[in-house]
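Have a look at the structure below before the remarks.
In the text below, chain A, chain B and the rest are named by the order of the sequence lines, each starting its count at 1.
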Amino acid sequence: MEAGGDTAALAPGGTEDLEDTQFTSEETREGEGVHAVPPDPKEEGLEETEDHKLVFLQQGPLLLVAMSRTPQSAAQLRGELLAVHAQIVSTLTRASVARIFAHKQNYDLRRLLAGSERTLDRLLDSVEQDPGALLLGAVRCVPLARPLRDALGALLRRCTAPGLALSVLAVGGRLITAAQERNVLAECRLDPADLQLLLDWVGAPAFAAGEAWAPVCLPRFNPDGFFYAYVARLDAMPVCLLLLGTQREAFHAMAACRRLVEDGMHALGAMRALGEAASFSNASSASAPAYSVQAVGAPGLRHFLYKPLDIPDHHRQLPQFTSPELEAPYSREEERQRLSDLYHRLHARLHSTSRPLRLIYHVAEKETLLAWVTSKFELYTCLSPLVTKAGAILVVTKLLRWVKKEEDRLFIRYPPKYSTPPAASTDQAAHNGLFTGL
Amino acid sequence: MAAAAAGAGSGAWAAQEKQFPPALLSFFIYNPRFGPREGEEENKILFYHPNEVEKNEKIRNVGLCEAIVQFTRTFSPSKPAKSLHTQKNRQFFNEPEENFWMVMVVRNPIIEKQSKDGKPIIEYQEEELLDKVYSSVLQQCYSMYKLFNGTFLKAMEDGGVKLLKERLEKFFHRYLQTLHLQSCDLLDIFGGISFFPLDKMTYLKIQSFINRMEESLNIVKYTAFLYNDQLIWSGLEQDDMRILYKYLTTSLFPRHIEPELAGRDSPIRAEMPGNLQHYGRFLTGPLNLNDPDAKCRFPKIFVNTDDTYEELHLIVYKVTTIFPSHPTLDFCRRLDSIVGPQLTVLASDICEQFNINKRMSGSEKEPQFKFIYFNHMNLAEKSTVHMRKTPSVSLTSVHPDLMKILGDINSDFTRVDEDEEIIVKAMSDYWVVGKKSDRRELYVILNQKNANLIEVNEEVKKLCATQFNNIFFLD
């Protein structure tokens, strides 16, 4: 899918064409979608005929359009458009966008979005290559031994600065651990979509070296205000530290914080452990630490997405999911995309608003898929096409047992929280409208 | 959603929830070539229902459809838009002949709740309807029109736009009233024919009877032989037969139920005097064979419109349907005298077979398995889920949500050519199994809450062994 100016915001004139046919605005309420379905002519080389879908979404003064020839449902395409919109809001805030267009109806927003085209491209690519995050509304963590992760969490908890709201340690776009300031984020949980947005953001090439200081808005937390983010690579490694604060002038305090964290990590010997984890995968796209599906020890299992739903409620801050690296026969891009499409279809059926399902078992030519949602978990598995039903049940049972066993390593069970000294943070924060949403 | 549909809302809403099924909002036919310039837009519209709508609004609606079609053509040049989803309704587009467009607008189902302060809250259920079902219904509208009126182009040739508009008005004004959108489902996608399973001997007897009849009455072009609502043999092309079958089973036959079975409201035709030597009678055609002045009005139908384009007359002689050209009263008498007695004999043979079949498949009340089967090659369809069709509606013995799940599975099957199997467990703990093999599809609904995948599989295997034992489905 193409991203950038064309899908993010229509150039002036684009919106007017649709306004002529009044029904579009009459029928759709704010934020509501409209979509048209043209069928697809059979193309050479394409095994499946897939309908084109055109989805329209209105968010404030912006009209977003998605054109797709994938099997995603309209709701899923709308979700992608919302993610694109969130990306724009994170750069500009919703309030400024509204202000700009209230002031000048045909402003070309691309002027302010210069530079974010690649982020948007990557965002949309990740939907196809690595669908778990957007599909499941969850975040993927680096598998790490629990004692080390707890120690890192404690470290983050100790290294605070005035106005610090959120600290995140990440590697390869995946979360190591995060700590949230109790007062700021107590009322509102950190939305996993926001966290994923931050993880993607710090994965951008712009943050490849040294340190950076930039404003960022968390759209689902508060779409109208900015945080100030300090981003740094630690020790020339792919490990990244992100500190989100409410104070504009706090760069040096943040830098000091970073040095504390680095020292702490050295003391723990964490750098070596993370370095080993980081070098595991030689997948070219993500230098991301992960595990192979062979680790499960269930022959016939090719890939899976697992999202636990039975997290203890007072720790239910961070929906997460886990999934192994994609290996043969899904090493090529087309195969990854095909698998992603299959997961999307299963998800759409399981979560249909009018007729949701508990379980889907789909025997197809190239693979057998089993999707299952219970009160404890949501699971998508991809199995060999020749597996029997009895065999499939065996594989899934083995998988569930393995996940249970490795739970502490795969997920952050108890994200840490901390408190910063209240006095310095509140009066500085008021001016950037951070607390207007609370 | 399933809970709401079953009428079991929760908490404060429970007693005050009203449900409104999907309904036809509008239906129109237009050709953009007829009014390309400013000020001429009205000329594009060939038919519009409801007619009371103000002229400018009609023009606007047609204009919107044109715009959508044009817009989507940029992405998909050879095949433009099929449907448009909005919050309140869905629009379906069909271009049956070049530049002639048919559009059907269906209102989404609604749930109306009473809020705490007494004001009704209307909730549109946007994801409820299945596109394919209503697209198929729209296509059927054209097929049915074409069956009785020929193509649009032919009307244009015969009498220009004026004649076409007349024909469209006459046909659709009545036909639209027969659409029952709330009960359209998977079977509308199939548009299949229910065949009557017959033993070889009886089948051959029928074949030879038809051959002899066609020989002695040589204005007969095609014959189709039905028993009750099921087809035994047809000489017509498949596509023509399937739409004719739909007409016969949903429109003609229900109007002519045996007098003793007819309901209070159905028109009971005057009994024909006399010919007591057999049980044959005309369902279309002369009421009284002995009256020399009897009107001989037979419905005209158009078949083979793609090649030979034949205009024929439809004679339905219970139990046979016959297609001659230029029939007269004299012909009818001959038909009656030749066919009647032989049919009576055949009828009793078939009836015997019918009873044998019935005994074998068990009581109709509660079939052992609930399934729907369809074969794309011969259009054979069988459903133990649908109860006998009344003229107005087709009732199913399962929850409509399950039928929609079947529709979803069918959509998934259509995506690929290969054989596949999809098993789902619904929120209500019903299992639905869909199997596709070659060009056949089988859907089974099982009400076994605590079964697992393997047990469900075994049940379906049992069904296949009894009913479909010479058809290979994936294990």
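B:Gln125 places none of its side-chain heavy atoms less than 4.5 Å from the side chain of A:Ser354. Contact annotation: the side chain of A:Lys366 never approaches that of B:Glu418 to less than 4.5 Å [non-hydrogen atoms, C-beta and beyond]. Between A:Arg349 and B:Ser411, the closest side-chain pair of non-hydrogen atoms falls below 4.5 Å. The shortest side-chain heavy-atom distance between A:Leu54 and B:Thr72 falls under the 4.5 Å cut-off.
Side-chain contact, B:Glu420 with A:His362: a donor N or O sits under 3.5 Å from an acceptor N or O.
Within 6.0 Å of the CH2 atom in B:Trp101, the count of heavy atoms belonging to other residues, nucleotides or ligands exceeds 12. The 12-atom threshold is not exceeded at CZ of A:Arg401, counting heavy atoms of other residues, nucleotides or ligands nearer than 6.0 Å. Counted within 6.0 Å of OH on B:Tyr430, heavy atoms from surrounding residues, nucleotides or ligands total 12 or fewer; the atom is thus considered open. Within 6.0 Å of CD on B:Glu98 lie no more than 12 heavy atoms contributed by other residues, nucleotides or ligands. Summarising the local packing, CD of A:Glu333 is surrounded by 12 or fewer heavy atoms from other residues, nucleotides or ligands at distances under 6.0 Å.
Every side chain to side chain contact (heavy atoms under 4.5 Å, CB included) that A:Pro329 has, sequence neighbours left out, goes to A:Arg302.
Within the 4.5 angstrom heavy-atom criterion, atoms from both the backbone and the side chain of A:Ile360 approach chain B. Looking at B:Phe71, only its side chain comes within 4.5 Å of chain A, counting heavy atoms on both sides.
The choice from B:Ile409, B:Ile422, B:Leu402, B:Val69 that makes the most heavy-atom pairs within less than 4.5 Å of chain A is B:Ile422. The most heavy-atom pairs under 4.5 Å with chain A, out of B:Val432, B:Val433, B:Asp429, come from B:Asp429.
To the nearest 0.5 Å, atoms CG (A:Leu350) and CE (B:Met427) are separated by 8.0 Å. Note that OH of A:Tyr361 is 7.5 Å distant from CD of B:Glu421, once rounded to the nearest 0.5 Å. Here the CG atom belonging to B:Leu84 is positioned 8.5 Å from the CZ atom belonging to A:Phe56, to the nearest 0.5 angstrom.
Of the possible polar contacts, none joining the A:Arg355 side chain to the B:Asp408 backbone as a donor-acceptor pair under 3.5 Å is found.
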*Output, in order, the C-alpha distance, side-chain angles, deciding distance and verdict of side-chain contact (heavy atoms from CB on, under 4.5 Å) for B:Ile405 and A:Leu357.*
CA-CA 9 Å; B:Ile405 292 176; A:Leu357 302 170; 3.6 Å; yes

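Among the candidates B:Leu453, B:Asn452, B:Val456, the single residue satisfying the side-chain contact (heavy atoms from CB on, under 4.5 Å) test with A:Lys389 is B:Leu453.
Taking all atoms of both residues into account, the shortest heavy-atom contact from A:His52 to B:Phe75 is NE2-O, 3.6 Å.
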